[in-house]
Amino acid sequence: MKLPPLPATLLPFALLATTALAAPSTGSPFYGDAPDATHPWAVHDQNRPQPKRVEPGTYSTVAQPGKPPSDAIVLFDGTTNTLDKWESDPKPGEAATPTKWIVKDGALECVPKSGYIRTKEQFADCQLHVEWAAPANVQGDSQGRGNSGIFLMGLAEVQVLDNYNNPTYADGFAGSVYGINPPFANALRAPGEFQVYDIVFRRPIVKDGKVIDPGHLTVLCNGVLLQDATPLEGPGGHMKRSIPVAFPEKGPLKLQDHGNPVRFRNIWYRPLPPRAVEGGTDGVLTAEATTAKRKAIAAELRADAAKRSGTAQMLRLAESLTYEKDSATATKVDSLAAAYVAGLKALTGVPLEAKKGEALSVQRAFAYLTKFEVVAAPYAPKTALDAVVKAQGWDLPKK
Ligand code: MG
């Protein structure tokens, strides 16, 4: 974690003190509600890491695939080179062989009866992008028309089927979580045209036979939402009610050979960050994970405080106490705070007036620390500082 510098002038605090509702543009400590039992960060916490930069890709058109975002892992880009990332999906105990599916006109085409294919790479939670086209030459009906499937971790199937003008059972429709949940809508283009699937997959997490998180599938087809974090009931399947089971840590992506020459293009994924239950640090964490994260943030702030002196050091140490109480740090803050107010009180006239902005920012920090019970009220340095501010008329509105 990289800590932002404390502003040398502490100007944002001064502005806040005089215009109570104005938010500083870059955030500041002692501002939003403090960390609590399940939130390691304050509201608007300026120590929270910035999101990583990703260069966006481009959207696909019916005629042409778009470009993946900069951090995507490309599984098929229309060339035979990326076919090397795939292999046959062998029966248990047998070795994988090169896939017999073919690359034609920039698309990966299923060769009927050649079998499923799978990625050599294994992964789990992801944002997955797949484009597919059912044969333009319409043959068969129901589950027999343009059938394939996208198997996340080789287990949970998002159905690929030509349902353009072709009813079938709802939980086997294009965009269904097969055997588990029908899609909200039928947003398919005509057979022969490419359909764009965007999928967000979270694998089930089962520990000691207990379902910690059932796992979820979110699916969009041509920009239309079909599944909204649909809970998985295990992998799903044909005819049988599936039950929640533990998924492995990772698995390959599989594409189904259901006897139809369905074509695929522009296949890529982005791994997702771990969920809170997996030790991730976003969202609402467990109390244990929150405590651990708050401790780590406090340690960084204290290390940063050691490089500073005077008021900046006092504020940084005080900030660390909002994440983790620590008696040695609290004692140091108390003595620095007492020394700060004593120093202020020793000044008069122009030198004292020059300290106005800083004093108001420190006052704000003290008010925050008592409000969130980081220090016990009444807090002697706060009482003394409030008296100075009042005597100087710094708390009065500007004329
Ligand atoms: Mg299928």
Side-chain angles (χ1 to χ4, degrees), residues 75-76 86 88-91 99-102 107-119 126 128-201 215 217-222 224 226-227 230 232-242 247 251-267 269:
L75 296 172
F76 180 71
W86 299 79
S88 69
D89 181 34
K91 291 195 180 82
T99 171
K100 295 193 174 71
W101 290 30
I102 55 168
L108 174 57
E109 186 174 311
C110 172
V111 174
K113 303 217 172 10
S114 70
Y116 286 36
I117 63 170
R118 69 181 188 189
T119 54
C126 62
L128 175 69
H129 180 97
V130 178
E131 300 177 25
W132 62 271
N137 176 21
V138 175
Q139 288 184 329
D141 60 11
S142 186
Q143 294 287 311
R145 185 184 296 181
N147 193 334
S148 181
I150 297 160
F151 286 75
L152 283 301
M153 298 184 69
L155 292 169
E157 181 183 9
V158 175
Q159 176 68 304
V160 166
L161 189 66
D162 176 10
N163 284 119
Y164 187 66
N165 238 328
N166 177 33
T168 188
Y169 46 85
D171 66 2
F173 217 86
S176 64
V177 179
Y178 188 79
I180 294 179
N181 198 49
F184 295 149
N186 176 356
L188 293 170
R189 299 184 176 121
E193 294 187 4
F194 275 93
Q195 325 286 340
V196 178
Y197 271 10
D198 286 292
I199 297 170
V200 179
F201 170 69
L217 268 167
T218 297
V219 179
L220 290 97
C221 172
N222 300 324
V224 176
L226 306 188
Q227 305 281 346
T230 300
L232 295 176
E233 297 174 349
H238 187 55
M239 293 175 73
K240 286 199 168 61
R241 180 85 58 205
S242 68
F247 274 39
L253 180 73
K254 292 185 185 179
L255 299 178
Q256 186 182 47
D257 170 13
H258 201 284
N260 303 128
V262 174
R263 296 179 299 144
F264 292 87
R265 71 178 189 190
N266 198 20
I267 307 174
Y269 78 95

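Just so you know, ligand 1 is whichever comes first in the structure, and atom 1 is the first atom listed for that ligand. FYI, side chains are in, hydrogens and waters are out, and symmetry mates aren't considered; it's all heavy atoms of this structure. In this chain, numbering begins with 1 at the start of the sequence shown.
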Out of the N/O/S atoms in Glu157, what is the name of the one closest to the Mg ion (ligand 1)? OE2
So, is the end of the Arg189 side chain (NZ or CZ) under 6.0 Å from the ring centre of Phe194 and within 45° of the ring's axis? no
Would you give the length of the straight line joining atom NE2 of His238 to atom OH of Tyr178, rounded to the nearest 0.5 angstrom? 5.0 Å
Can you give me the O-the Mg ion (ligand 1)-OD1 angle for Ser148 and Asn147, to 10°? 70°
Would you give the angle at the Mg ion (ligand 1) between Gln256 atom OE1 and Gln159 atom OE1, to the nearest 10°? 150°
Distance only, no hydrogens: is a donor on one side chain within 3.5 Å (strictly under) of an acceptor on the other, for Ser114 and Trp101? yes
With a 4.5 Å heavy-atom cut-off, do Asn147 and Gln159 have their side chains touching? yes
